[in-house]
Engineer: 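Can you read through this structure? Questions will come right after.
Keep in mind that the numbers below use all heavy atoms, side chains included, and drop hydrogens, waters and symmetry copies. Letters A, B, ... mirror the listed sequences (proteins, then strands); counts begin at 1.
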Protein chains: 2
Amino acid sequence: MTTNQSESHVLSKSCQYALRAVVYIAAHSTTTHLVGAQEMADGLDIPKHFLSKILQQLTRNQVISSTKGPHGGFFLSKENERITIDRIVEIMDGPGLFKACVLGLPQCSSTKPCPLHFQAVEYRDGLYNKLKRLNIKELALVVHQENIKI
Amino acid sequence: MTTNQSESHVLSKSCQYALRAVVYIAAHSTTTHLVGAQEMADGLDIPKHFLSKILQQLTRNQVISSTKGPHGGFFLSKENERITIDRIVEIMDGPGLFKACVLGLPQCSSTKPCPLHFQAVEYRDGLYNKLKRLNIKELALVVHQENIKI
DNA sequence: TTAATAAAGGATATAAGGGTCTTTTATTAG
DNA sequence: CTAATAAAAGACCCTTATATCCTTTATTAA
Ligand code: FES
Ligand code: FES
């Protein structure tokens, strides 16, 4: 068949890792035990140093919180828990993902649509609206209740 | 805000170019005039040599047809016109795009879902089903009738 | 105060996608 | 047959995402 092997994806690997890490922190951090980068890397099977970069980025953007030193690690503040999922995607993959034309045309609008606009936009916007309404706390709660894998 | 600049996407650039090229061929090739790579590169604002690679790949996979030499170029056979859009995506971006977990987990299923499975799957499967049912001829017809930009 | 710990930060390496250039092959007009 | 044309093919380079390593900073326990 001669395919390209390019294996495209909706979310970058960094973004996938970021989302899983946030859920992991929500699930495993307690007041007495903060989650370390090493622990997360092991638990999620993500390269530690790469994960660390992503965690730094999330911390800088105040999506997660951290403290250094012995028994240091990552956790979620109340403010963190109210961050919505679309924000994490925006930080990791940029603001364009849910705005850009599927065919890469410079503009995306219903008045000047590309050939696949109406096919793509219905679902694109649908997912975007869901992620905009879903915050970390809510996501973590469902994950816990349904015993969902990360 | 410190974003990543990674600008993720649903379809790879190669795939976007491929889809636009196919529509262009459908719109501009006649029995007396085949569409050349140069003409397409100009018309679609795609780097010529890169486009050529993509056209080669589409030809090898019998999505489009071509002849060499003077007045040579690309065109669509009756068989080509019946190719569905999902097939082009499959050739360019691999078969995984509409099957893989959005969070990159090794399995995607409703029985062992990831945290975003139900949010994402509706989007993913919805688009996939539309593209599976839409062939090149049909797409080109709509593009022509609605005077849609490529 | 010191040693240990863990995140933050910076520099660097690797792989893949995107893009360019040159040569070869097929086709056609003259 | 020859010259011109245009796709096919292969080699190559650039940029970016992914991944690794090393040093610095902050925190804690002793
Ligand atoms: S114009 Fe292409 S998706 Fe909207
Ligand atoms: S398991 Fe992640 S999208 Fe289905």
Side-chain angles (χ1 to χ4, degrees), chain A residues 2-18 21 25 29 32-42 44-75 91-94 96-97 104, chain B residues 2-18 21 25 29 32-42 44-75 91-94 96-97 104:
Chain A
T2 334
T3 51
N4 226 355
Q5 302 302 82
S6 67
E7 280 304 321
S8 191
H9 42 236
V10 179
L11 304 177
S12 70
K13 221 159 203 178
S14 297
C15 187
Q16 296 175 344
Y17 289 164
I25 296 170
S29 78
T32 57
H33 172 71
L34 304 192
V35 185
Q38 184 68 63
E39 174 191 344
M40 248 183 285
D42 294 341
L44 297 174
D45 196 33
I46 297 175
K48 179 193 170 181
H49 295 289
F50 190 29
L51 178 60
S52 294
K53 287 288 164 227
I54 294 165
L55 294 170
Q56 279 178 41
Q57 211 177 338
L58 293 175
T59 303
R60 275 201 303 272
N61 283 280
Q62 300 167 52
V63 171
I64 61 179
S65 305
S66 69
T67 59
K68 296 182 179 180
H71 306 115
F74 299 90
F75 64 98
I91 290 167
M92 301 308 299
D93 285 346
L97 181 54
Chain B
T2 334
T3 51
N4 226 356
Q5 302 301 84
S6 66
E7 280 304 319
S8 192
H9 43 237
V10 180
L11 303 177
S12 70
K13 221 156 201 178
S14 296
C15 187
Q16 295 175 345
Y17 289 165
I25 296 169
S29 77
T32 58
H33 172 72
L34 304 191
V35 184
Q38 184 69 61
E39 175 191 344
M40 249 182 283
D42 294 341
L44 297 173
D45 196 33
I46 298 174
K48 180 195 168 179
H49 295 289
F50 190 28
L51 178 59
S52 294
K53 287 289 164 223
I54 293 164
L55 294 170
Q56 279 177 40
Q57 212 176 337
L58 292 174
T59 304
R60 275 200 303 273
N61 284 280
Q62 300 166 53
V63 170
I64 61 179
S65 306
S66 70
T67 59
K68 296 181 180 180
H71 308 114
F74 299 91
F75 64 98
I91 290 167
M92 301 308 299
D93 285 347
L97 181 54

Engineer: Using five base pairs at each end, measure the axis-to-axis angle across the helix from C:dT1-D:dA30 to C:dG30-D:dC1 and round it to 10 degrees.
Structural biologist: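 Terminal axis comparison yields 10°.
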
Engineer: Measure CE/B:M92 against P/C:dG17 and give the value in whole Å, please.
Structural biologist: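 Value for this atom pair: 11 Å.
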
Engineer: Can you check the B:K13 NZ to D:dA17 C1' distance for me, whole Å?
Structural biologist: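 Roughly 14 Å, once rounded to whole Å.
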
Engineer: Starting at atom CG of A:L11, determine the distance to atom P of D:dA17, rounded to an integer number of angstrom.
Structural biologist: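 Taking CG of A:L11 and P of D:dA17, I get 14 Å after rounding.
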
Engineer: In whole angstroms, how far is the C1' atom of C:dT20 from the OH atom of B:Y17?
Structural biologist: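 After rounding, the reported distance stands at 13 Å.
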
Engineer: Taking only side-chain N and O atoms of A:T59, does any of them lie within less than 4.0 angstrom of OP1 or OP2 on C:dA7?
Structural biologist: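 False: A:T59 side-chain N/O out of range (4.0 Å or more) of C:dA7 OP1/OP2.
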
Engineer: Begin with the C-alpha distance, continue with both residues' side-chain angles, and end with the deciding distance and a verdict on side-chain contact (heavy atoms from CB on, under 4.5 Å) for A:I54 and A:M92.
Structural biologist: CA-CA 8 Å; A:I54 294 165; A:M92 301 308 299; 4.0 Å; yes

Engineer: Under the side chain to side chain donor-acceptor pair (under 3.5 Å) test, which residues partner B:S29, sequence neighbours left out?
Structural biologist: none

Engineer: Going by the rule ring-ring contact (aromatic ring centres under 6.0 Å, His included), which residues pair with B:F74 if we only count those two or more places apart in sequence or in a different chain?
Structural biologist: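 By the ring-ring contact (aromatic ring centres under 6.0 Å, His included) rule, B:F74 matches no residue at all.
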
Engineer: Collect all protein-nucleotide pairs involving nucleotides 24-26 of chain D in which both atoms are nitrogen or oxygen and the distance is under 3.5 Å.
Structural biologist:
{"residue": "D:dT25", "atom": "O2", "partner": "A:K68", "partner atom": "NZ", "Å": "3.4"}
{"residue": "D:dA26", "atom": "O4'", "partner": "A:K68", "partner atom": "NZ", "Å": "3.4"}

Engineer: If you take any heavy atom closer than 4.0 Å to DNA chain D, which residues from residues 47-56 of chain A end up in contact?
Structural biologist: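 Heavy-atom cutoff 4.0 Å gives A:P47, A:H49, A:F50, A:K53.
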
Engineer: Could you pull out all residues at least two apart from B:S65 that satisfy side chain to side chain donor-acceptor pair (under 3.5 Å)?
Structural biologist: B:N80

Engineer: In whole Å, what is the span from the CZ atom of B:R60 to the C1' atom of D:dA7?
Structural biologist: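 Nearest whole value for this atom pair: 12 Å.
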
